[in-house]
Amino acid sequence: MNTLSLLRAQARQLDWIGVILALTLTIVIILPLLVVATWAFTEVWRYPSVLPQQFGLRFWHQTLARADVWNALMLSLRLTTTVTLLSALICLPAAYAFARMDFPGRNIFFLSFLASHAFPKFGLLVTIAGIFLQLHLISTFWGVALIQLVGTLMLMIWIPVAAFQNVDRRMEEAARDVGAGPLRVFWSITLPQAAPTIFAAVLLTFVSTFYETEGAWLIGAPQISTMPVLMISFINNQLVVQYGAVLSVMLWVPSFIALMFARRVMSSNAFAKGFGA
Amino acid sequence: MAQLTIQNLHKSFASTTAVDSVNLHVEDGELICLLGPSGSGKSTILRMIGGFEHPTSGAILIDGEDVTRLPPERRPTGMMFQSHALWSHMTVFGNIAFGLKLRRLPKAEIRDKVESALELVGLGGYGTRMTSQLSGGQQQRVALARSLVLEPKILLLDEPFASLDQHLRERLREEVRDIQQRLGITTLFVTHGQDEALAMADRIAVLRDGRIEQIAPADVIYREPQTEFVAGFIGTMNLIKSEVRNGRFHHADLGLPMPLHDGEATLAIRPEDVVLTATRNEPSAVVTRFTDFGSYHLVDVQLADGHRIKAMTAPASRWRKGDRVAVLVSSYAAFRNQHLAYTSTDTHELIKETEHV
Amino acid sequence: MAQLTIQNLHKSFASTTAVDSVNLHVEDGELICLLGPSGSGKSTILRMIGGFEHPTSGAILIDGEDVTRLPPERRPTGMMFQSHALWSHMTVFGNIAFGLKLRRLPKAEIRDKVESALELVGLGGYGTRMTSQLSGGQQQRVALARSLVLEPKILLLDEPFASLDQHLRERLREEVRDIQQRLGITTLFVTHGQDEALAMADRIAVLRDGRIEQIAPADVIYREPQTEFVAGFIGTMNLIKSEVRNGRFHHADLGLPMPLHDGEATLAIRPEDVVLTATRNEPSAVVTRFTDFGSYHLVDVQLADGHRIKAMTAPASRWRKGDRVAVLVSSYAAFRNQHLAYTSTDTHELIKETEHV
Amino acid sequence: AGGPVNVFTGADANIVDFWNNIVAPAFAKAHPGESIKVIDAGDDSGLRAIAERALAALASKTDPHADLFEAFDPKLPAGGIKAGLWVDFKQAKIPLYDHINAMAFQSDYSLPYRGSQVLLAYDSTKLDPKKAPKTWADLTAWIKANPGQFIYNRPDKGGSGGNFVRRAIHEVNGRDPAKFTIDNFTPAYAEKTLTPAWKLLQDLAPSLYDKGAYTSGNTQSIQLLAQGVVTMVPVWSDQILKAIKEGVLPDTTGLVQLTDLALCGDFNRMVIPTNATNKDAAMKLAAFMLTDEMQKAVITEIGGFPAISWDYLPKDLRDKYADVVPKSIPTFPQGDWSPAVNDGWYRNVAPNLARG
Amino acid sequence: MPTGRRLNGLLLVAIPVLLVGWLIIYPIFAAIITTIWVEDGESSKFSIASYRFFFSDAYSLGNLTLTLWTTAVCAVLLIACGLPIALYLRFSRSPLAGYIQGLAIFPMFVPSVILSYALIRTIGPNGAVDILLHSIGLPKLPTPYLTPWGPVIGLVWDNLPLTVLMLTAGLGGISNSSVEAARDVGAGPLRVFVHIILPRMGNSLLVASSFAVLGIFSSFTLPYVLGPASPEMMGPFMSRTFNDLYDPLNAKTQAVICFAFCLVFGLFYVYSIARNQEKTSR
Ligand SMILES: Nc1ncnc2c1ncn2[C@@H]1O[C@H](COP(=O)(O)OP(=O)(O)OP(=O)(O)O)[C@@H](O)[C@H]1O
Ligand SMILES: Nc1ncnc2c1ncn2[C@@H]1O[C@H](COP(=O)(O)OP(=O)(O)OP(=O)(O)O)[C@@H](O)[C@H]1O
Ligand SMILES: [Mg+2]
Ligand SMILES: [Mg+2]
């Protein structure tokens, strides 16, 4: 009886905040999503009806029937995975260097990544296009990959730097001591220790690359057409929101699975990390 | 299996000099204990040998080769850190196995080695735990196992047993000593347990403010401390400041013979060299405290001049606070200018002192 | 200034039971030492009292009031953590002053208190350092100062002196003891130093696998251990398993009288109760190891039947490996089913044993 | 021929479908060996990026990967014309070039091929079709009488609001579209002609939805109408018809055109980069769009307005669609006028919020 | 050795640095130069007229002010919403945490175009909120659609995942024991937060707000669709100047000015990282 009441007390205490947060978020986040989801299955929905006047799958048929949707989806996934991996490969060591090493120009270089997010693309288009044309990268997979890669640099460097700085140096020293070279220490100790943050960075990179359209369009058109580029053309100035809604909802399912997976990795790690040290 | 030579090592941090011209030569398979007060630079010396701090000046040689500028992973040293520095994202097994994996040992061999290391430190079956699920002492033992399992040429242990109970500590120090001797691992060992130092070390280096005060085998350090600091630091020592007059220490209760020319001097007597006998004389020394340590008793005695000294007595003895005692000394030494100036001949005959000169 | 009562406390982690139905009552101003092997649940008990772990079941009462569900900041407890848990973004001063600032003391008073706390732990002038610039022992002292400066009603110290040298440790334990007694702070104290426990504690609680084996004043624990575990754990104890036959312990060298009915029994003898004398008889006990601990010597003796026991001898004695000795016992006890079954009368007369029955 | 002609369009799905389903097969049939690939750029800024790219390609003499823009303003990117980026159709001797409706031209570098008009769409459950305003005066009176029931979108995006604004400009300048031509722009003239229009629109603002809010595009306007938030909005004819057909708007949606002077319409004009890899094919395609076959398709398939003057169109067609498609629609020149009108509106009309 | 290490550092950062330098920094400089070396007929000459125009034009300044206001409000709201969520996620062991984290991160998967439509349908006039209110007989709420609060709501919604992710990750570096020690000396949750958690989150807060600020400053879709026609945020303003007014000079000038503001903000993070590094590298 004692145990039970304790458990209940604990549950009550924890939930107060949790329940409030969960409710607020449910309303704030779910409501717009729900509206989108409903639209995806709606043919007619007019004010002031709470429910659509007419449900239907017409827009699903129309969307899914298009061959380019599936091609674009596969292409996008391939592209995004490539870019994310490449970005991790070149950025994480660089982030480590920024966090832990001293070299000439460090701060300036570090700041320079800001430029990729802070300057509007339109000012750069001509120059970038010029560079890519010369290299015959226009309208090729690797051209798009390259431009998107540049777009991920800031995320993949700025965020991990904070993570690396939080890693306890003594753990790295201990690994050096048992014979691990700097690279191995990075891979086996520093990276896993910084994992929750890095994971967040990778997730953000993946998603933002997936939904990136400007670079993909500028460099990719006409041969390389990614999912969001296709989507934009479905959605922009389109009378019917349903196409966009359908495409969104289509992407939510994999996103949601990825998210649940992410949550596992992140929380368990953060949990373990928070304990000792 | 390696000789370690430290030449003129010096390390300054922004605000402090942590290590100050340390010279040390450690022979193949020798075990040296670094003893010294908190903050005297012990960890810093180990960290420099391991390669984690860069000396401000000086050199470190292993088997005659200068390693001062080598990175840690290229030095044949294995270190156990004072802060344990366990990898919190790995299991206990993973922590111990990491170094072995780097050496590309076959899986089965790694498992065997890790398991026997865990058995050694009394953590058999804890392999799958995360390090955060261990108690403080268990973490320390994992750190110890991690440094031992690689059988490095030079082992650096920074307070390896600080959070262990006496029995475990005794068992482990014997185990470590065994391994160290069997494999001939040259070892530097930081400890605050003097027992540990006395029991394990081939030689003890006593540090003070970043300098080595004396380096010698345990019994020499205990019985022939070269400086007042060493005398006072190792074991318990009654130190009484006064002066020598006419070949005698000038003191009301302890006017012992001291063949030095006149001048200030410090008398040093071990508690076990103090013998108490009951007396009724007045004024006399008085027992002010009696502590039972099981295997012996420690008696605090206030001399007639107000000085307090400690005496060690057999478990059978029973003193009570306020008892009047006569103080006899069986052996003593004298220091002048911090350095040893005189030692009484090591006789077992009691040198009887009158309570009044 | 507060009584602490622990009722039926129990704590399980996923994989282990760390604390198992512990009952304890600590009086106003009492100092209790928790002693026990690594992993026996000492830290977990302190953490539950401090409010950092929720007991799986059981209650914690302070001055009769149930605090089991109170958050740490509303308990009148002050804890020093085994891991120090210093705040790395604050200076030494900031760490110690933080609790005082929360209490909105005037600035000048805070400074005075912090400074005297720093003086107390021998770190005067270290106030402006960052905690990462301290040695291990210095960090520990800051943690100690931080918990003392608030003068909590109940003080919980988790191995406060583990990384300190013996002298500092002795000085600090006296200081802590003084403060504790002057202010009447009820204190729970985890240590692995038995000396510490024996010297400081009003009572000692010996823990084993999350249970209290015995709780009693120091000398009782040492001289009248109620269980074989306590006997073996506190101090050094020679334990020899055999059986009682006709009122005698059945053993080649140590066939001591034992008025118990027949059956298995364990003989327990303290090293200081073993007296060695030289002999030429054969077969006899042989000295296998001789260790000089300065104030006493420890002699390992192998009995004729292969058993090894330890004997403590005076510093004047000199045994060598291989010496043949006769073994005499001045006092002993016997355990049966882990519990005390018999104690020899506490005489100082030696019970002489023939080497052969 | 090389590859397919890469046609970039930023238009709506109905136009994309038109190109894919009607134009492409017809073109392939008329010109065996040629083909079309339609690439949907989503919106104007998408086209804009490709045009920039083409300009860069021109500079570096590389392949722009673009052959024809379905509708684009050759003034973009800045300096494009000077650099010789766009094909000069006037020089190109396109067959039927001289049959094009004179009002449709804005530049020598673009080729009009279809037009559409702007109408007023309203909720006939709230406004009796018989009372629907037929003149500008009626309209403004109605707006003021029904505050919050009218909204038009910002003139720079989507155009239906922009043409409403241009109708206001016509209104204050004697309802004479001829007063504005592509060449007669001067800042002073603009100042003189536009300022009264700003006054007029400012005057309307407090009676608009939310006391002077403006939607960001045609679609948003239609959505507000669909949600019953407002009663009337200006819309593109083809778009509104499609919306009604798709059920976005109920059948009760009414349409009305002003009779004193219609709301402005506009033409879509193709451009071709001079450095296009398939320039020859693209030119063929451009010419093909002016053929009877295609002009007829513009009318029948997308409810558009032909670029070729009615006079040159087959008579049967003319007769058949006489009721649906007006004989002419007023237009407003682009060129330098566009920035002047758009920015002027942003600076003068938009900020005057009466909202508290 | 030090030179070797410095070279190593340079080597490690070389690829990304060269990439931005080549594909971002160089084009930016090219763009900046066109704003101060203005073409004037055949020749070009140095002129800062476009900057002078921007800073003397009330309309432009109004847009800049609105952008700064929106950015500030959004950043504050984001931290205010993100921190409690992150704190809850870090310290709670309740099963609700998974649900909450999932929700908080989900907006990441909703592109802003879709979001702006969804928001019009939700909080817009006669949107879902109005529908729900209407159906239970309550009056409609004034809608933020086409007011400055429209973009604020949209931007906060859109940037919440990033903020929560960054803050949660930052909180992961704070050990339980340091929190416990603070509670032990009597600090309640609020004090623990202010004195123990906040000072250690400097970097995470900065990086989270840096990204939020950058994203918001240059955002286009949400302010364009949800915001008022005037004043406009810099995103729509620049794009309008560029696309509709055929005025690349002024558009690029606006871009450079935005860039300068972002740069100032980024400097805080860079400074904090540099300082941190000095502290840990002894
Ligand atoms: N978070 C945890 N998860 C699982 N098991 C734990 C956890 N913390 C402690 N334990 C286990 O509980 C037992 C008691 O731990 P506790 O820390 O109380 O030991 P202790 O007596 O303080 O030991 P030490 O002297 O080594 O510090 C140990 O076996 C330990 O492994
Ligand atoms: N990173 C640092 N910055 C500044 N001073 C330091 C640093 N590390 C150590 N020190 C100082 O150097 C001196 C020696 O430190 P060291 O860690 O070697 O001591 P130690 O002998 O190991 O002490 P302990 O027994 O307490 O662990 C101390 O006074 C310490 O405060
Ligand atoms: Mg140390
Ligand atoms: Mg513990």
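Lettering of chains follows the sequences in order, A, B, ..., and the numbering in each one begins at 1.
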(request) Please name the pair of heavy atoms, one in C262(E) and one in A118(A), separated by the smallest distance, quoted to 0.1 Å. (result) CB-CB, 3.5 Å
(message) Need one label for M166(E): side chain, backbone, both or neither, based on atoms under 4.5 Å from any heavy atom in chain A.
(response) side chain
(message) Looking at every non-hydrogen atom in both residues, tell me the closest pair between A97(A) and V13(E) and how far apart they are.
(response) CB-CG1, 3.8 Å
(message) Tell me which of these, V126(A), V35(A), T38(A), L149(A), has more heavy-atom pairs under 4.5 Å with chain E than the rest.
(response) V35(A)
(request) Classify the ring geometry between Y269(E) and W158(A) as parallel (under 30°), tilted (30 to 60°) or perpendicular (over 60°). (result) tilted
(request) Identify the heavy atoms of L103(E) and I29(A) that sit nearest to each other, and give their distance. (result) O-CG2, 3.7 Å
(message) I need the residue from L19(E), L23(E), L171(E) with the largest number of non-hydrogen atom pairs under 4.5 Å to chain A.
(response) L23(E)
(request) Output the distance between atom CZ (R106(A)) and atom CD1 (I273(E)), rounded to the nearest 0.5 Å. (result) 8.0 Å
(message) Looking only at heavy atoms and a cut-off of under 4.5 Å, which of W22(E), Y26(E), F211(E), F217(E) has the most pairs with chain A?
(response) F211(E)
(request) Keeping the roles fixed (side chain from Y88(E), backbone from L21(A)), state whether a donor-acceptor pair exists under 3.5 Å. (result) no
(request) Any chance you could lay out the side-chain contact (heavy atoms from CB on, under 4.5 Å) test for Y99(E) and T26(A), step after step, and finish with the verdict? (result) CA-CA 9 Å; Y99(E) 176 73; T26(A) 306; 2.9 Å; yes
(message) Using heavy-atom distances under 4.5 Å, tell me whether V20(E) contacts chain A through its side chain, its backbone, both, or neither.
(response) both
(message) Looking at chain A, which one of C258(E), S272(E), P16(E) has the largest number of heavy-atom pairs inside 4.5 Å, strictly under?
(response) P16(E)
(request) Look up atom CD1 in I24(E) and atom CD1 in I147(A), then write down how far apart they are to the nearest 0.5 Å. (result) 6.0 Å
(message) Does any backbone or side-chain atom of L206(E) lie under 4.5 Å from a heavy atom of chain A? Answer side chain, backbone, both or neither.
(response) neither
(message) Please report the interatomic distance OG(S116(A)) to CG(L214(E)), rounded to the nearest 0.5 Å.
(response) 8.5 Å
(request) Go through V179(E), L11(E), I28(E), L119(E) and name the one with the most non-hydrogen pairs under 4.5 angstrom from chain A. (result) I28(E)
(request) Would you name the heavy atoms of A255(E) and F119(A) that are closest together and state the gap between them? (result) CB-CZ, 3.9 Å
(message) Looking at every non-hydrogen atom in both residues, tell me the closest pair between G9(E) and F103(A) and how far apart they are.
(response) CA-CD2, 3.6 Å
(request) Work out which heavy atom in L114(A) is nearest to a heavy atom in G266(E); give both atom names and the distance. (result) CD1-CA, 3.9 Å
(message) Counting heavy-atom pairs closer than 4.5 Å to chain A, which one of L162(E), T34(E), L115(E), V129(E) comes out on top?
(response) L162(E)
